[in-house]
Structure formats: structure tokens, C-alpha cells
Amino acid sequence: EPEVTQTPSHQVTQMGQEVILRCVPISNHLYFYWYRQILGQKVEFLVSFYNNEISEKSEIFDDQFSVERPDGSNFTLKIRSTKLEDSAMYFCASSTGTVGRGYTFGSGTRLTVV
Amino acid sequence: AQTVTQSQPEMSVQEAETVTLSCTYDTSESDYYLFWYKQPPSRQMILVIRQEAYKQQNATENRFSVNFQKAAKSFSLKISDSQLGDAAMYFCAHEGGGSNYKLTFGKGTLLTVNP
């Protein structure tokens with residue numbers, strides 16, 4: 001069964017540093033997403049991406065965040081200047097865009113900011 | 001804006017028994033989808049079951065079934081013949097209208113299965 005692949009599985013970074021979280025969505029999917037889950041809390045929507053542009057973003061997704069699909073296969077989330085409160089599990093997901101089909105989620109990247 | 005509420009932070013069940021996890025939601029839309037996702041200790045998000053709001057029939061997937069009450073905006077998950085592998089965090093989620101298919105999640109219910 002096709003998978004969404006995320007790398008790395010765990011990233012430790014110093015506060016103020018930039019990090020890039022990488023995702024390879026399922027190849028025939030059209031919509032891509034990033035979600036965040038702070039430890040012990042619910043999963044929160046960050047951003048959706050379609051047709052090479054952001055289609056929706058949450059209030060969490062401020063100027064320190066950016067996404068891009070640089071080469072037609074990878075989908076990245078960049079956090080420009082990490083803060084302690086950015087420590088969380090970050091999930092990439094993709095979907096065909098057929099409403100109600102749900103997503104395929106990746107295994108997540110655990111980001112720890114120290 | 002959609003909201004999803006899971007009022008049970010933790011639940012436990014004996015192996016082979018049945019357990020029901022509760023979920024309520026709020027939406028102004030008439031057409032939407034609801035999901036239950038399972039998150040085991042590996043933190044992977046796994047789709048368990050989906051329900052289309054315009055369908056009155058409750059969805060079933062093997063040992064998993066839902067009780068969907070549209071008027072009450074309630075969407076509970078029933079796990080029959082619970083197995084040790086069912087132990088996980090369970091999230092209820094709503095997919096609204098629009099073109100972005102964004103999911104709104106509840107806070108989750110941690111299910112423990114006792115042998």
C-alpha cells in the first residue's frame with residue numbers, strides 16, 4: 001500500500017535555528033498538508049497545499065513557517081527560527097482530493113527544540 | 001468553525017469485551033465527513049473508519065462500528081471483541097466542506113486494553 005514518507009523521524013535543534021522537515025506524499029495525490037501535535041494534545045491543522053500554492057493556513061502558521069514542493073515529489077515544511085514551543089510531532093498528509101476519503105498520514109517527525 | 005469534542009480522556013476495556021468511545025461535534029454544514037483515527041505508541045495516524053453525513057446507515061469495518069446521530073451531532077465508535085492491539089489513542093475528526101478537506105480533530109481518548 002502506498003505510504004507517505006517523512007524524514008527525519010526525530011530532529012533535535014537549538015532554539016533560533018532553522019529546520020526543514022521533509023515529506024514524500026503519495027505520487028498521485030493532489031493535496032498536501034502539515035499538522036502538528038504538541039505532546040499530549042490534539043492534532044492541529046497547520047497548512048494545506050494544492051496546485052503549488054498554499055490553499056489554507058491556520059493562525060499557527062505564521063511568518064516563521066513556510067512550505068514548498070521544490071521538485072514535484074518532496075513537500076517540505078521550514079521553520080525559520082525555532083522556539084521552544086515549536087517542539088511537537090509534525091505530521092505530513094496527502095489526499096487525492098476526493099472528499100471524504102480521508103488522508104494518508106506519514107509517521108511523523110518529532111521535533112525537539114532545546 | 002467546526003469543533004470536535006471527546007469527553008473521555010481515558011477509557012479501559014477488558015480483552016474480548018466491547019467499548020464505546022464518545023465524540024460530539026459542531027458544524028453549520030449539512031454535508032461533511034467524520035472519521036476515527038487510531039494513534040498507537042508509534043504515533044502513526046491510522047484511519048479506522050469513516051462516515052458520510054448524508055448516509056443514515058452507520059459505517060462498519062470488521063470489529064469497529066459507529067453510532068452516528070446527525071441531529072444530535074454525535075459520532076461514537078464501538079470496538080467489539082477488543083484486542084490488546086487496539087490499545088492506542090483514538091481521535092475523532094471532522095472534514096468540512098470547501099475545497100481544502102481540512103480535518104478538525106478532537107483531543108483524543110486513550111484506550112487501554114486489559115488482558
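Letters go in sequence order (proteins before strands), and every chain restarts at 1.
- Under the ring-ring contact (aromatic ring centres under 6.0 Å, His included) test applied with A:Y50, the options A:F75, A:F32, A:Y31 reduce to a single match, A:Y31.
- The closest side-chain donor-acceptor pair between A:N51 and A:E53, if any, does not fall under 3.5 angstrom.
- Ranked by heavy-atom pairs under 4.5 Å with chain A, the first of B:K107, B:M89, B:Q51, B:R43 is B:R43.
- Contact of A:Q37 with chain B is made through backbone and side chain together, with heavy-atom distances under 4.5 Å.
- Ring geometry, B:F75 versus B:F68: the interplanar angle exceeds 60°, so the pair is classed perpendicular (tilted spans 30 to 60°).
- The residue from A:Y103, A:F91, A:Y35 that alone fulfils the side-chain contact (heavy atoms from CB on, under 4.5 Å) condition with B:M45 is A:F91.
- Of the atoms belonging to B:Q6, not a single heavy atom falls under 4.5 Å from chain A.
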